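By convention in this document, chain letters (A, B, ...) are assigned in the order of the sequence lines, proteins followed by strands, and residues within each chain are numbered from 1. These numbers come from the heavy atoms of this one structure, side chains and all, not from hydrogens, waters or symmetry mates. All figures in this text were calculated on a predicted structure; none of them were measured in a lab.
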Amino acid sequence: GAVVSQHPSWVICKSGTSVKIECRSLDFQATTMFWYRQFPKQSLMLMATSNEGSKATYEQGVEKDKFLINHASLTLSTLTVTSAHPEDSSFYICSASRARNEQFFGPGTRLTVL
Amino acid sequence: QKEVEQNSGPLSVPEGAIASLNCTYSDRGSQSFFWYRQYSGKSPELIMFIYSNGDKEDGRFTAQLNKASQYVSLLIRDSQPSDSATYLCAVNRDDYKLSFGAGTTVTVRA
């Protein structure tokens, strides 16, 4: 149990375009979903916390208008990187929480912006 | 002071030996502690969690927690080459949020 999927696993896009990443909890209902970003040889940085049916909570320094989060159901959250630029190239990872702070991670999406 | 601190390594151990990883945290109110394993280019995988002081064993892994010292550790017994990865310590920040350390890279020599 506790399987989280992400789609796509990798994406290459041109600067200025928008990219949508989906995160799904496949075998459980997630009370909360999280979006992280990880640059090479660095740890995970929390970008935002997402609860179904409510607005996402963004961490300090993360632009909410650039990283749009929609949490449509207890099993689906999406992250849209709007007007992507090369500095947004990173490994984006979602996680879903089931209970007692346990977070289960999706496989990640590697975004490359040309 | 970082919220969660780990030695970055690399920690190199021979196959069959014990790998010992350490983590300290700053928030004395933290209640939940996690160890994740991350292979290069992959996302983290939960391997252990611990909530109470003392030791918790799961197969070849043992997590140790000392809340008074704000210290949590992970022991990997009988290390295998497949254990070569980066190990991330995570501590709950507040409801449902985790703070991660920078990770310790472990290399198991065959």
query: Can A:Phe91 be reached from A:Leu44 by stepping across I, L, V, M, F, W or Y side chains whose heavy atoms are under 4.5 Å apart?
result: yes
message: If you count every heavy atom of other residues, nucleotides or ligands that lies below 6.0 Å from A:Lys66 atom NZ, does the total exceed 12?
response: yes
Cluster check A:Phe67, A:Met33: I/L/V/M/F/W/Y, side chain < 4.5 angstrom: no
message: Rounded to the nearest 0.5 Å, what separates atom CD in A:Glu102 from atom CG in B:Asn92?
response: 12.0 Å
- request: Would you indicate whether the side-chain heavy atoms of A:Ile93 and B:Pro44 approach each other to under 4.5 Å?
  value: yes
- request: Sort A:Gln38 into side chain, backbone, both or neither according to what part of it lies under 4.5 angstrom from a heavy atom of chain B.
  value: side chain
message: For B:Tyr36 versus A:Gln103, what's the shortest heavy-atom pair and its separation?
response: OH-O, 2.7 Å
query: Which pair of heavy atoms, one from A:Gly106 and one from B:Ser43, lies closest together, and at what distance?
result: O-OG, 2.5 Å
message: Hydrophobic clustering (ILVMFWY, side-chain heavy atoms < 4.5 Å, transitive) - are A:Met45 and A:Phe34 grouped together?
response: no
- request: Could you look at B:Phe100 and say if it's the side chain, the backbone, both or neither that has a heavy atom under 4.5 Å from chain A?
  value: both
query: So how far is it from B:Lys97 NZ to A:Thr49 OG1, rounded to the nearest 0.5 Å?
result: 4.0 Å
query: Can you get from B:Tyr87 to B:Phe33 by hopping between Ile, Leu, Val, Met, Phe, Trp and Tyr side chains that sit under 4.5 Å apart?
result: yes
message: More than 12 heavy atoms of other residues, nucleotides or ligands under 6.0 Å from NZ of B:Lys42: yes or no?
response: no
- prompt: For B:Gln38, is it the side chain, the backbone, both or neither that has a heavy atom under 4.5 Å from a heavy atom of chain A?
  reply: side chain
